[in-house]
Every structure is written in C-alpha cells, then in structure tokens.
Amino acid sequence: MYGLIDCNNFFASCERVFNPSLRNQPIVVLSNNDGCIIARSDEAKAVGIPMGAPVFQMREIIKANNVHVFSSNYILYGDMSNRVMSILAGMVPELEIYSIDEAFLHLDGFSELYKLDDFAHYLIKYVGKSTGIPVCLGIAETKTLAKLANHYAKKNKLLTKGLYVLDSEEKIITLLKTTEIGDVWGIGRRYSKFLMQKGIMTAYDFTQASAGWVRKEMSVVGLRTWKELRGEPCIELDHTPSAKKSICTSRSFGHKLTKLPDIEQAMTYYASACARKLREQESCARVMTVILYTDYFRKDLPQYTPSLTMQLPVASNDTMELTHYAIEGLRKIFKDGYSYKKAGVIVSEIIPQSHVQGNLFDTVNRSKRMRLMNAIDRINETSGRDKVRLASFGFDRHWVNRRDQLSPNYTTNLKEIIVVK
DNA sequence: TCTGGGGTCCTAGGACCC
DNA sequence: TCTGGGGTCCTAGGACCC
C-alpha cells in the first residue's frame, strides 16, 4: 500500500506553531513580493478567500474578518518541512519527499488492515505532537488513489480524523464516483475541460473510458493515470532525490526598474543563487539563460520580454563566472525605455561536478576557485546566507522584494527564537 | 498602486545520418 | 514509369505538478 501524507495548510500552519494566539484565527500567507495569497488557514478559506488571489483585491475581506497576513518565510517553512520529513523517515520503511509539504510512504509489512489503521493514526498524532504541524494521510494501492484518499481525508477531517484508507472495492468506487475529474492527480485544467466536454465528469467516468482512447487523446501520461485509478500501480516510489536538470532563480522586483545598474545587481543575486544551488547538488551547468520581463499586467505600457541563452565555455557552478555571463547576457538584451518588473536566470544542461569537460583555452584556475567557493559556502552556512557575496550585489538594493509582514525565523536564527514568559 | 516561483515529462516535426 | 528503410538529435510547444 502507498500512503500520501500531506501537511494541512502548510505555510499557514508553520506561522501558527510558534504563535499560538493565531489558533482558530484566519491566516493567509503571501507569495514573494507580497503579491498573491498562496496559503490559507481553514478559517481564511471559510470567509471566501480564494487560492492565488492578488492580495490587493482581497483588502476588504481581509479587513472585515481580521485576517492575519504574512509574507512568505521560506527559511521557516523549509526548516519545518525538514522536521516533518525526518520524523517520517524514521517511522516508515520507505519515503519519497514529493514536495515541501507532501510525502509518499511505502507501507509494507502491515498484513492485517486494522494494524495499518492503528499505525496510521499514530503517525498522524506523532507528527503533530513533535512538530506542531497537523497532517492528513491517505492510503491506497496506487499513488494516484492514495492522493484521492488523502484529499477525502482532508475534506472530511472531523469524520476521518485525518486518515482515509481505500481498502475495499466499494470504497474505491464510491470515492471515484464522487471525485470531480479535475481533482484527480495528473488531470490539470486543460485535460479536465477536454474530458468534461466528452461527458467525463468524474474520476469513475474516466476509468470507464477505453485504454486506447485515453492513450490516443492523452498520451502515455494520461494512460498511467487511468491505470492507477483502476488500481494498477504504474508510478513507483522514487526515494532518491535526483539532481535537478534545470535550475531557475527569478523574482519580481519590489518596484519597476528602468536602469541597467539596478537590474545588474538583481542579476548578480539570481546568478549567485543558481551557482549556490548547483553546488548544493554537486553539479555544474553548461548553459545559461537570462530573462527580463516588463509588467505583463500593464497593457498600457510597452512590453518587452527578451531572453538570451548562452553556452558556457566550461560547465560551471562558480558564482563569479556565472555572474559574469549573466551580466554580459543582460547587457545584450537590455534596452532603455522600458520599465522592468522581473528578471531571472536559468541554468541547464546540468552535469555532475566530477564530469566537467575541460577547455583548451580555459584561463580559470578551477580547482582554486572551487576551494574558494567551498570556503564561502561554509561561512555562509554558519553566518547567514549571502554574508560573503560579490560586490556587484550592491548595497542600495533597489530591487529587493517587499516582505512587509515577515514572521521571525523561529527555528533557524538565535536572535529570533521564541520568547517564553 | 498592488498580480509568485519553482520544476518535470511527452510529442510532433524537422533536420540530419547511413 | 519507376523513387527505401532505418535511425538519432534537437526544438518548440503543451501538458502536468507543488
């Protein structure tokens, strides 16, 4: 059996753990730059705040219901996620960390179902007690069905106490019949619209379509979902997190930028972040893309979204080298007369650090630079991210995001640790 | 005034090889 | 008049996930 465990309203729950006065209060967490609402407590959902809504459109509803608003604090959420995942790793034979707030579990060795049930309830309680994060768990024979079971557990928390096990044919069919097609894992907006046009409204309807038709209309990916819903496991547990094939760092600016030097500072930050992420997974990138965006929402302003992809002479994860090319690329695509809203750096063609092909005309002393990067990483690990950084980061930082409602880093910064009176 | 930031996989078609 | 059969690689675009 597969389990899918999922943290309830994860970011909102993280904000609550160290601030108990927020219990039973409506909370929302905002995206970068305090733009959109990306997490809501149950209470916030109940007053009608939709997922992904721009916060400025929600001002009245927020005020009327005393909704507490937080900027996103990924340092806190990342650390809380690690806590949850490490507890799970100690309790089940196999674990696949699927996202910051979700994990698939392999639940082998439970021959009798009542024991599985007991264990599952214990798991939920134990994670909650150890971390303060409430979780729900769905269990079934395939990952896709486990996702559905989890969804049901979450929607019916009082009834299920956070656990739903699909352990009989009747339960599976009932759940399939009451699940809208768009709620199935693997069926996104396009496919659900398409399927509904064909009269397929529920997950059950989908399982009744023919395999050939599904393969033809939705490729092998759709067919896998179809099989999984019918109880045939096709998507295995993937417990070794594989190295990323592309890494992207991009941000909206705090306000629009028109001058090249300001954007250069931001680019330095993005390229440095890409280099750091590459080093974290011990790989190097051969290709870099820089992108600039004007404000998509301002139809009245001239739009310009240039990008440039560059082949690096030698695959690299060196902050200085990647920054150099990012700035060089930026200077090529930058044009005066536009106000820019966002920029980003993507690195791709990623290879293991140990397999970098040299270049006859290379002038960089790579082993020396690698030692330098390692030293910088070590300092920044203990003294705070970007404590040692390139000067081209700048000091005026016109481009920084808005994060007006940031909570303390309760778990990662001694100066911001919780105070007990 | 204000609108997020990451990723993966598959397919079709074109260009090329022998 | 007749005009093969088998591949690979790359790219753009589209679908999905959190």
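Per chain, numbering begins at 1; letters A, B, ... match sequence-line order. Hydrogens, waters and symmetry mates are skipped; everything else that's a heavy atom, side chains included, is used.
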[X], nearest nucleotide to its side chain (from [options]):
X	options	value
A:Tyr191	B:dT3, B:dT11, C:dA15	C:dA15
A:Lys244	B:dG4, B:dG7, B:dT11	B:dG7
A:Ile38	B:dG5, B:dG4, B:dG7	B:dG4
A:Asn32	B:dG4, B:dT11, B:dG7	B:dG4
A:Arg59	B:dT3, B:dG6, B:dC2	B:dC2

Base, sugar-phosphate, or nothing for [X], non-hydrogen atoms under 4.0 angstrom?
X	value
A:Tyr296	nothing
A:Val184	sugar-phosphate
A:Val220	sugar-phosphate
A:Ile100	nothing
A:Asp101	sugar-phosphate
A:Lys193	nothing
A:Ser72	nothing
A:Arg215	sugar-phosphate
A:Leu30	nothing

Examine distances only and state if a side-chain atom of [X] and a backbone atom of [Y] form a donor-acceptor pair shorter than 3.5 Å.
X	Y	answer
A:Thr144	A:Thr225	no
A:Asn150	A:Leu4	yes
A:Ser272	A:Thr268	yes
A:Arg369	A:Asp318	no

May I ask you to check whether A:Phe70 and A:Phe11 place their ring centers less than 6.0 Å from one another?
no

Under 6.0 Å between the ring centres of A:Phe104 and A:Tyr2?
no

Is the phosphate of [N], meaning OP1 or OP2, less than 4.0 Å from a side-chain N or O of [X]?
X	N	result
A:Arg224	B:dC10	yes
A:Lys277	B:dG6	yes
A:Ser246	B:dT8	yes
A:Ser252	B:dT3	no
A:Lys341	B:dC2	no
A:Lys256	B:dC2	yes

Tell me whether the rings of A:Tyr270 and A:Phe253 are parallel (<30°), tilted (30 to 60°) or perpendicular (>60°).
parallel

Nearest whole angstrom, please: distance from the [atom2] of [N] to the [atom1] of [X].
X	N	atom1	atom2	result
A:Ile62	B:dT3	CD1	C1'	13 Å
A:Gln311	C:dT11	CD	C1'	15 Å
A:Gln57	B:dG4	CD	P	11 Å
A:His151	C:dC18	NE2	C1'	14 Å
A:Trp185	B:dT8	CH2	P	15 Å
A:Met51	C:dC18	CE	C1'	9 Å
A:Lys147	C:dC17	NZ	P	9 Å
A:Lys342	B:dT3	NZ	C1'	11 Å

P spacing across the pair B:dT3 / C:dC18, given as an integer number of angstrom:
25 Å

Between A:Val221 and A:Arg298, just flag the one whose closest nucleotide in DNA chain B comes earlier from the 5' side.
A:Arg298

Given that A:Phe297 and A:Lys245 both sit by DNA chain B, which one's nearest nucleotide is further toward the 5' end?
A:Phe297

Sort out the partner of C:dC10 for me: Watson-Crick or G-U wobble, both distances under 3.5 Å, none otherwise.
B:dG13

